[in-house]
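Here's the structure, in structure tokens; my notes come after.
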2 protein chains.
Amino acid sequence: MQSFTEENYLKIIYHLAEKTNNVQTNAIAEQMQTKPASVTDMIKKLAEKGFVDYIKYQGVTLTDKGKNAAVDIVRKHRLWEVFLVDKLNFKWDEVHDVAEELEHIKSTALIERLDEFLGFPKSDPHGDPIPDKNGRFAKTQFTKLIDLKISDQGTITGVSQHSSAFLKHLEKLGLTLGKQIEINDVTDFDGSVEILVAGKQINISREVAKHILISSNGKN
Amino acid sequence: MQSFTEENYLKIIYHLAEKTNNVQTNAIAEQMQTKPASVTDMIKKLAEKGFVDYIKYQGVTLTDKGKNAAVDIVRKHRLWEVFLVDKLNFKWDEVHDVAEELEHIKSTALIERLDEFLGFPKSDPHGDPIPDKNGRFAKTQFTKLIDLKISDQGTITGVSQHSSAFLKHLEKLGLTLGKQIEINDVTDFDGSVEILVAGKQINISREVAKHILISSNGKN
DNA sequence: TTAAATTTTTAGGTAAATCTAAAAATTATT
DNA sequence: AATAATTTTTAGATTTACCTAAAAATTTAA
Ligand SMILES: [Mn+2]
Ligand SMILES: [Mn+2]
Ligand SMILES: [Mn+2]
Ligand SMILES: [Mn+2]
């Protein structure tokens, strides 16, 4: 059984490992909003407990045990987010912080019954996949909207940024999960993208386009 | 904002204060499963923060601020218990420990929406009243089953013991909330009570009868 | 391939919540 | 009222998760 803090470290290491194999001390510190020295302390502890493999100065990688623990927390986080949106009418930009707390509740029975109550959802309100109780989930292959070419079409199926500000902005633009879009033009001046969504033509910045994930379903 | 630990102290002091006005250090220590010396430390802290009035060697009483904080935690605890039983099909003997964790989640929006989702329940699975968002609730007046006389009738509306062992035992005997009972006899030998419930005559020990709460609705 | 910049670790300390052992105050009993 | 028993507090440590400052290792750049 891990502490609240250890769980947060494991989850953050897990997410960072999606990008780079060896996760650096500084990267963890930044995510945990703490100092590198504190991270080193915790890393040693996690290594001792068998959650990570650690070589001094070389960063960490999760062991199987560590990966399982991390995926379990991710599963809880995302299931609670579904609960908040589907059952309690939270908006997709309001759920993250509460889920950060709820994910640490320790009860296998609770999370399995919650999963059932929600109808075994496959993805959370931000389009992220929800691991099943064995930790398995489909690693969906998304394209970033920014990488599409003119006249490409697709469906919005995820976002790679979960800040409330970003999500509220998307909401206002009508760019929510499931929406069909088509690329009309890319502005020379600032690289902003003209897209067609729900019959309307709108312009979104490069920064926004970078964080919208599309499942392509048309002429490539 | 109080810590997890402070919240537990406040809740326990609140419950102990339902019996005696001045709550003793040792009583708190027993409930918190900790040592009296630790309790003294925490009491000082709570007094400094204005949650309790404290006179050395005289025990503590909650201030209004402390009472409000405690009632808020009780409200959360009981609402989560309702959620677990009504929505996730937990049994009434399975909910307490999980609710002990859930009660510390800090989000006013969450608890208000949960309350609404549950239909603003007035009592929890053990018959305990749920404070509204202003901390108000009816202090229901119960009689202990043990205090009833032969031929008295009533409805089971609560229990004053929440251990899983006790609740499972009641379940097996068919003594659940809402059940009508009538006192048939009190055994001279061991003080055990013969009661009529759902057409059947059963015998319950004094110990069990002490912890069943009845709202009388018949010949007194 | 040195020197500079960056990253990471060590050393030494703090604050919160706990503990044990012993001292002090209160309450109960003779 | 004196003594015994109980309750409560103090003193001094421990553990966890932090911190700052400085040293050490690694990486990058000249
Ligand atoms: Mn989230
Ligand atoms: Mn999410
Ligand atoms: Mn309970
Ligand atoms: Mn209850």
Side-chain angles (χ1 to χ4, degrees), chain A residues 1-17 19-62 66 69-70 73 100-101 103-104 106, chain B residues 1-17 19-62 66 69-70 73 100-101 103-104 106:
Chain A
M1 194 97 308
Q2 316 89 258
S3 74
F4 193 100
T5 309
E6 284 166 356
E7 289 190 347
N8 282 332
Y9 270 93
L10 288 174
K11 192 181 59 161
I12 275 166
I13 293 168
Y14 175 80
H15 285 312
L16 287 169
K19 306 206 162 180
T20 43
N21 215 316
N22 268 57
V23 180
Q24 299 194 125
T25 304
N26 269 0
I28 299 172
E30 193 188 359
Q31 292 294 309
M32 284 291 298
Q33 309 209 71
T34 187
K35 303 289 140 125
S38 307
V39 173
T40 302
D41 286 346
M42 181 57 80
I43 278 173
K44 283 180 183 164
K45 192 170 144 196
L46 291 175
E48 236 165 57
K49 292 193 177 186
F51 289 113
V52 297
D53 289 323
Y54 167 56
I55 307 165
K56 261 191 195 180
Y57 292 98
Q58 301 301 123
V60 289
T61 48
L62 289 170
I73 301 157
E100 281 298 306
E101 293 191 50
E103 72 190 4
H104 300 290
K106 285 173 187 55
Chain B
M1 195 97 303
Q2 316 88 256
S3 74
F4 193 99
T5 310
E6 285 166 355
E7 288 190 348
N8 282 332
Y9 270 92
L10 288 174
K11 192 181 59 163
I12 274 167
I13 293 168
Y14 174 80
H15 285 311
L16 287 169
K19 306 205 164 181
T20 43
N21 213 317
N22 267 58
V23 181
Q24 299 194 124
T25 303
N26 269 359
I28 299 171
E30 194 188 358
Q31 291 294 309
M32 283 291 297
Q33 309 209 70
T34 186
K35 302 290 140 120
S38 307
V39 173
T40 302
D41 286 346
M42 181 56 79
I43 277 173
K44 284 178 183 166
K45 192 170 143 195
L46 292 175
E48 235 165 58
K49 292 194 177 188
F51 288 113
V52 297
D53 288 323
Y54 167 56
I55 307 166
K56 260 192 193 178
Y57 291 100
Q58 301 301 122
V60 289
T61 46
L62 288 170
I73 300 158
E100 281 298 307
E101 293 191 50
E103 72 188 5
H104 300 289
K106 284 172 188 56

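Heavy atoms only: backbone and side chains are in, while hydrogens, waters and symmetry mates are out.
Between B/Gln24 and D/dT7, a side-chain N or O to OP1/OP2 separation shorter than 4.0 Å is absent. B/Ser38 has no side-chain polar atom (N or O) that falls below the 4.0 Å cut-off from OP1 or OP2 of C/dT18. OP1 or OP2 of D/dT8 lies within a sub-4.0 Å distance of a side-chain N or O belonging to B/Asn26. The shortest distance between the side-chain N/O atoms of A/Lys56 and the OP1/OP2 oxygens of C/dT7 is not below 4.0 Å. Residue A/Lys44 has no polar side-chain atom (N or O) positioned under 4.0 Å from OP1 or OP2 of C/dT9. Considering only side-chain N and O atoms, B/Tyr54 lies under 4.0 angstrom from the phosphate OP1 or OP2 of D/dT9. Regarding contacts with the backbone of D/dT20, a side-chain N or O of A/Lys35 is found under 4.0 angstrom from either OP1 or OP2. Distances shorter than 4.0 Å separate some side-chain N or O of B/Thr34 from OP1 or OP2 on C/dC19. Between D/dA23 and A/Tyr57, no contact under 4.0 Å exists linking OP1 or OP2 to a side-chain N or O. Contact annotation: A/Tyr9 side-chain N/O to D/dT16 OP1/OP2 distance is not under 4.0 Å.
At a threshold of 4.0 angstrom between heavy atoms, the contacts of B/Thr40 include nucleobase atoms, whether or not backbone atoms are also involved. Residue B/Gln58 is out of contact with every strand shown, counting any heavy-atom pair closer than 4.0 Å. Within 4.0 Å (heavy atoms only), B/Thr25 reaches sugar-phosphate atoms of the nucleic acid but no base atom.
Summarising the local packing, CD of A/Glu100 is surrounded by more than 12 heavy atoms from other residues, nucleotides or ligands at distances under 6.0 Å.
Remark: side-chain polar atoms of B/Asn22 are paired, donor with acceptor, to backbone N or O of B/Gln58 under 3.5 angstrom.
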